[in-house]
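What follows is a set of notes on a single structure, which appears directly below.
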Amino acid sequence: SDNVTILGAGLAGSEAALQLADRGFRVRLVEMRPGTPTPVHATGACAELVCSNSLKSTKPESAAGMLKAELEALGSHLLAAAHRHAVPAGGALAVDREAFARDVTARIEGHPLVDLVRGEAESLAEAARGADALVVATGPLTSGALAADLARVAGAGHLAFYDAAAPIVMADSLDGGRLFRQSRYEDGSDGAGDYLNAPFTHEEYEAFAAELVAAERVVLRDFETRELFQACQPIEEIARKGLDAPRFGPLKPVGLTDPRTGRRPWAALQLRAEDAHGSCYNLVGFQTNLTFPEQRRVFRLIPGLEQAEFARFGVMHRNTFLDAPRLLDANLRLTAPGAAALGAPVFVAGQLAGTEGYCEALRSGLHAALAVAAELSGSDLPPLPCETAFGALLAYATSPETKDYQPMHVNFGIMEPLAERVRNKRDRYAAYAARGAEALAAYRALLVARGLMPGGPAT
Ligand code: FAD
């Protein structure tokens, strides 16, 4: 049978290993812990959760709940393990992290087709030797040697070591009465332009700046503080430099004329559409390290954002990830020119592939496993419908249209808008979930028809 090498027995790698082994492939799973530690893992177990023990909401009409339903329908091993070790957490799925990791490790060690090899992989070409396919799932804290090799294969500038993502808000939660559409230095009388602008009066600006400076920040871990702020200044750090500093930085009003006053505002935030449907907007230049509740409170002081719903909060992390829109195809296959010389097809899964979150990592490992199975059995992986939660994320993360990519978790902001506008939020989310479930059922039936998934109803 075919041999697959997987680097990293984290969330994505462990899921991929069990999926491939179940399909009859021989899997060599290479994990560097415990011999070579990462700054955040504490054990040598497979699938160790590094931070929170929560896998987020189980509510069917939430984006995280949709993702769980997809994992379940596709037979995720690690989601099943999470359910076996669930601890009470209201509407969320939280787990006993040690029991969860022990269970996954035992299944991997006990599987006759998985060989768990302890040791640090340092070169892709070496890892690919003797393998029919290689899956790289070494996560946000990929070791230095392998990251250097990946950076070489990916090409200059295509591997990032930090993310610094500005918040993203839902378009339909913005106050169109206050915001105006205009690009800088356009006269704007035609209401055209690529940006929405939130104009501040002098008083609004000072009140906002005062809250920004005083707001609670995330305490970064030691290893993160060293270089993190060199590349990118969070907005609250800029504000700390002086009351006017943001007004000469991300909040500069030059070249803007508020059509309601006919004048240049005292300061202005620009918002840029995040996707082609314009269903969510990025707060330009607002990389931030504020806690999520503080982002919600303080950024709602921005004129026009009083009711803003956040599709994603801003984050600044140590995080190794590929420039997925330019380097990965929809099968998570590495398409960088350097990949061809590696001797086997290379797939990337988990956080390294540019997605964010525990369940996203599981789903990405599962998707890469399906792609490898299709490749090695000579069939085509059916396209994952963009109406599914992971399909939407994959479309966003691998579309060359996506500029300046920062890791993303599933959320309604990146989903294709519904054919008809549904005003009530609950109903709207339920409609997204129903549409997604239907698309997933069709996808799953295609997997079964192509022999990539055992038949029978979804469990
Ligand atoms: P991992 O689970 O990290 O697995 C990668 C594996 O590869 C590790 O076991 C590592 O030891 C191994 N490895 C690395 N380099 C090599 C090498 N050269 N050779 C062999 N093995 C190697 N997401 C959430 O949803 N909730 C959170 O609370 C959360 N907190 C986070 C906190 C931190 C500090 C970080 C960095 C990320 C956090 N994430 C969180 C994001 C993400 O969901 C997790 O990092 C998740 O574990 C990613 O899964 P993965 O499979 O991509 O990587």
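Note that ligands are numbered from 1 as they come in the structure, with each ligand's atoms numbered from 1 the same way. FYI, side chains are in, hydrogens and waters are out, and symmetry mates aren't considered; it's all heavy atoms of this structure.
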| task | With heavy atoms only and a cut-off of under 4.0 Å, state how His317 meets ligand 1: side chain, backbone, both or neither. | result | neither

| task | Could you list the atoms of ligand 1 found under 4.0 angstrom from a heavy atom of Thr38? | result | 11 (O)

| Against heavy atoms of Ala121, which atoms of ligand 1 measure under 4.0 Å? | 17 (C), 18 (N), 19 (N), 20 (C)

| task | State the atoms of ligand 1, each with its element, that fall below the 4.0 Å cut-off from a heavy-atom position in Ala137. | result | 5 (C), 6 (C), 7 (O)

| task | Please determine if Ser143 has a nitrogen or oxygen closer than 3.5 Å to a nitrogen or oxygen of ligand 1. | result | yes

| Have Thr38 and His41 got a donor and an acceptor in their side chains that come within less than 3.5 Å? | yes

| At the 4.0 Å heavy-atom cut-off, does Thr142 count as touching ligand 1? | yes

| Residues Asp22, Arg107: salt bridge by 4.0 Å N-O rule | no

| query | Would you call the rings of Tyr396 and Tyr405 parallel, tilted or perpendicular if under 30° counts as parallel and over 60° as perpendicular? | reply | tilted

| So does Arg118 pair up with Glu31, basic N to acidic O under 4.0 Å? | no

| Would Thr43 and Glu48 count as having a side-chain donor-acceptor pair, cut-off 3.5 Å? | yes

| ligand 1 atoms in contact with Ala12 (distance to a heavy atom under 4.0 Å) | 51 (O)

| message | I want to know if ligand 1 touches Glu31 in the polar sense, i.e. an N/O pair below 3.5 angstrom. | response | yes

| said: Less than 6.0 angstrom separating the ring centers of His317 and Tyr162, yes or no? | reply: no

| Considering only heavy atoms, does Val50 approach ligand 1 within less than 4.0 Å through its side chain, its backbone, both, or neither? | side chain

Can you list, pair by pair, the side-chain donor-acceptor contacts under 3.5 Å of residues 122-136, counting residues two or more places apart and other chains?
| from | atom 1 | to | atom 2 | distance (Å) |
| --- | --- | --- | --- | --- |
| Ser123 | OG | Ala125 | N | 3.4 |
| Ser123 | OG | Glu126 | N | 3.0 |
| Asp132 | OD2 | Asn3 | N | 2.8 |

| field | Electrostatic pair Glu294-Arg297, nearest N-O below 4.0 angstrom | value | yes

| query | Relative to the heavy atoms of Cys51, which atoms of ligand 1 are at a distance of less than 4.0 Å? | reply | 28 (O), 29 (C), 30 (N), 31 (C), 32 (C)

| query | Of all the heavy atoms in Leu7, does at least one lie under 4.0 Å from an atom in ligand 1? | reply | no

| task | On the 0 to 90° scale, with breaks at 30° and 60°, tag the Tyr429-Phe412 ring pair as parallel, tilted or perpendicular. | result | parallel

| said: Please determine whether any non-hydrogen atom of Arg33 lies less than 4.0 Å from an atom of ligand 1. | reply: yes

| task | Quick one: list whatever passes ring pair (Phe, Tyr, Trp, His ring centres under 6.0 Å) with Phe321, sequence neighbours left out. | result | none

| said: I'd like to know if Asp2 and Arg26 make a salt bridge, using a cut-off of under 4.0 Å between side-chain N and carboxylate O. | reply: no

| message | Show the atoms of ligand 1 that are less than 4.0 angstrom away from any heavy atom in Val30. | response | 20 (C), 21 (N)

| said: Can you name the atoms of ligand 1, numbered from 1 with element, that are less than 4.0 Å from a heavy atom of Ser52? | reply: 28 (O)

| 4.0 Å heavy-atom contact, Gly119 with ligand 1 | yes

| said: Regarding ligand 1, does Lys56 bring an N or O atom to under 3.5 Å of one of the ligand's N or O atoms? | reply: no

| query | Quick check: does Pro140 get an N/O under 3.5 Å from an N/O on ligand 1? | reply | no

| message | Using a 4.0 Å cutoff against the non-hydrogen atoms of Leu146, which atoms of ligand 1 qualify? | response | 18 (N)

